[in-house]
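First the structure, in the form of structure tokens, and then the observations on it.
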2 protein chains.
Amino acid sequence: MTDSELEKFKKVLKDENLKLTPQRVEVFREVCNSDEHREAEEIYLALRKRDINVSRSTVYRTMDILYQYDLVQRMDIGDGKWRYEHWLNCHQHDHLICIRCGTIVEFINTQIEGIQKDVAEKFNYQLVRHVHQLFGLCKQCQDTPVSVK
Amino acid sequence: MTDSELEKFKKVLKDENLKLTPQRVEVFREVCNSDEHREAEEIYLALRKRDINVSRSTVYRTMDILYQYDLVQRMDIGDGKWRYEHWLNCHQHDHLICIRCGTIVEFINTQIEGIQKDVAEKFNYQLVRHVHQLFGLCKQCQDTPVSVK
DNA sequence: TCTCATTTGAGATTCAATCTCAATAAGAAC
DNA sequence: GTTCTTATTGAGATTGAATCTCAAATGAGA
């Protein structure tokens, strides 16, 4: 977490009349210090592992704030859990997801953005956001035989 | 529900050693007879409304079978519920979703499919399926002012 | 330092989906 | 048609991520 990131977070809290608490800062720090796409529960456990006591409720609540004010990105791959990632490298990107091992890879394709704009325009939709996920088998899982139970 | 659709369902059940029960047929019929993107609960209620008694459990279980054997399409728009739609017009399509009123519109864009293939190939993923959803405001919601609570 | 609205933590609650299990029914064999 | 075996059904219990509740604690402006 860079100082400028922290300042951005502080500004949001101030602007929205939310208080700067140690718990909120720790949650934000934890999110920023990993490039994985993690669930709230994983972030909660990572904090506990580092002996930082923040309740599960507070982790969920803070993730909501971070998402609400666009300080983190969040995605849903259809398993009923939100996965969060920091927004530091700020590029709009989509995801490739391995259906066997769960590995998530990011990709950027500017061509698709143009097409999306065209589609939205054609249907008179004012585009706000999109979800674009490609599910398949990663190289390693293609090469690994399925183990017998 | 056309006869050929029903036959396809019967074939799947037979091939998979599953039994053809009146409940399963009714659920399938209900799904086929609507072009909406409905939740299992909505399908369950629609059946009750027509005085067809199928339990909630059986609706959920049958939807699983239909999805498993590719007789229906299912989507997740991030609200924790699966929405089902029949697969009768068999075109691969994506969705435009209004974030205010929930209207779902389908669109087809063959250009994107090519790009998806290229991306998967580049990352050595063997593509299985994709999710592509555009969220925004539909024309009507753009024109309707937000009502005051 | 005082004050007060906000936040926290722990546990309760929600809700879609899944599981359990006794009763029922499909459908193969005869 | 009858019998037998196994799958299916229905009702309610359970699961699990997320949200809510409320008393106690705390941030931050005065």
Side-chain angles (χ1 to χ4, degrees), chain A residues 6-7 9-31 37-48 51-69 71-72 74-84 102, chain B residues 6-7 9-31 37-48 51-69 71-72 74-84 102:
Chain A
L6 186 56
E7 286 314 309
F9 185 30
K10 285 186 181 174
K11 183 175 178 344
V12 166
L13 293 176
K14 185 136 206 156
D15 289 353
E16 300 297 328
N17 281 312
L18 298 169
K19 290 179 178 168
L20 179 70
T21 67
Q23 289 92 335
R24 284 175 175 167
V25 173
E26 288 300 341
V27 171
F28 185 52
R29 189 195 310 283
E30 179 58 44
V31 174
H37 301 73
R38 292 185 294 177
E39 309 153 25
E41 182 69 16
E42 291 178 308
I43 292 163
Y44 167 69
L45 291 175
L47 285 165
R48 294 203 61 170
D51 278 322
I52 292 165
N53 285 309
V54 181
S55 72
R56 196 177 262 108
S57 301
T58 298
V59 172
Y60 275 96
R61 282 186 288 229
T62 305
M63 294 318 299
D64 278 350
I65 293 171
L66 292 174
Y67 174 68
Q68 192 69 35
Y69 297 105
L71 291 161
V72 299
R74 113 187 154 169
M75 66 184 291
D76 159 25
I77 61 169
D79 64 353
K81 292 180 268 188
W82 289 113
R83 265 155 241 266
Y84 297 91
Chain B
L6 185 55
E7 288 313 312
F9 185 31
K10 285 185 181 172
K11 184 175 176 342
V12 165
L13 293 176
K14 184 137 209 158
D15 290 352
E16 300 297 327
N17 282 312
L18 298 169
K19 289 177 179 170
L20 180 71
T21 67
Q23 289 91 335
R24 284 176 175 166
V25 173
E26 288 301 341
V27 171
F28 186 53
R29 188 196 310 282
E30 180 58 44
V31 174
H37 299 75
R38 293 185 294 176
E39 308 154 26
E41 181 69 16
E42 290 177 309
I43 292 163
Y44 167 69
L45 292 175
L47 285 165
R48 294 205 60 169
D51 277 323
I52 291 165
N53 284 309
V54 181
S55 72
R56 196 176 262 109
S57 300
T58 298
V59 172
Y60 276 96
R61 282 186 288 229
T62 306
M63 295 316 301
D64 277 350
I65 294 170
L66 293 174
Y67 174 68
Q68 192 71 35
Y69 297 106
L71 291 161
V72 300
R74 119 188 148 166
M75 67 184 290
D76 159 26
I77 60 169
D79 64 353
K81 292 180 267 189
W82 288 113
R83 265 155 241 266
Y84 297 91

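Basis for what follows: all heavy atoms, side chains included, without hydrogens, waters or symmetry-related copies. Order of the sequence lines sets the chain letters (A, B, ...), proteins ahead of strands, with each chain counted from 1.
- Judged by atom type and distance alone, A:Arg56 does not reach the base of C:dG11 through any side-chain donor-acceptor pair under 3.5 Å.
- Here the C1' atom of nucleotide D:dT19 and the CE atom of A:Met63 are 16 Å apart, to the nearest Å.
- When the C1' atom of D:dA18 is taken as reference, atom CG of A:Asp76 falls 13 Å away, rounded to whole Å.
- Partner A:Arg83 forms a salt bridge (charged side-chain N to carboxylate O under 4.0 Å, His left out) with one of A:Glu39, A:Glu42, A:Glu41 and no other, that one being A:Glu39.
- When side chains are defined from C-beta on, A:Ile77 counts as touching A:Met75, because their heavy atoms get closer than 4.5 Å.
- For the pair B:Arg24 and C:dA26, the criterion of a side-chain N or O lying under 4.0 Å from OP1 or OP2 is not met.
- In this structure the side chain of A:Thr62 never reaches within 4.5 angstrom of the side chain of A:Gln23, judged on heavy atoms.
- Of the two residues contacting DNA chain C, namely B:Pro22 and A:Asn53, the nearest-nucleotide position lying further toward the 5' end is that of A:Asn53.
- Atoms CG (B:Leu20) and C1' (D:dA7) sit 13 Å apart, rounded to a whole Å.
- Under the 3.5 Å distance criterion, with hydrogens and angles disregarded, no donor-acceptor pair is assigned to the side chains of B:Arg56 and B:Tyr60.
- Nucleic acid contact for B:Lys19: base, since at least one base atom lies under 4.0 Å from a heavy atom of the residue.
- Between the NZ atom of B:Lys14 and the C1' atom of C:dA26 there is a distance of 11 Å, given to the nearest Å.
- Of the candidates C:dA10, C:dC19, D:dA18, D:dA18 carries the atom nearest the A:Lys81 side chain, counting heavy atoms from C-beta on.
- Residue B:Thr21 places no side-chain N or O under 4.0 Å from the OP1 or OP2 atom of D:dA7.
- Under the 30°/60° scheme for interplanar angles, the aromatic rings of B:Tyr67 and B:Trp82 are found to lie parallel.
- Here B:Gln23 does not reach the OP1 or OP2 of C:dA26: none of its side-chain N or O atoms lies under 4.0 Å away.
- Between A:Tyr44 atom OH and C:dA10 atom C1' there is a gap of 10 Å when expressed in whole angstrom units.
- Within the structure, a side-chain polar atom (N or O) of B:Tyr60 is placed less than 4.0 Å from OP1 or OP2 of C:dA17.
- Put simply, A:Thr58 has a side-chain N or O that comes within less than 4.0 Å of OP1 or OP2 on C:dG9.
- What separates CD of B:Glu26 from P of D:dG10 is a distance of 12 Å, to the nearest Å.
- When the C1' atom of D:dA17 is taken as reference, atom CG of B:Asp79 falls 14 Å away, rounded to whole Å.
- One can place CG of A:Leu18 at 16 Å from C1' of D:dG29, the figure rounded to the nearest angstrom.
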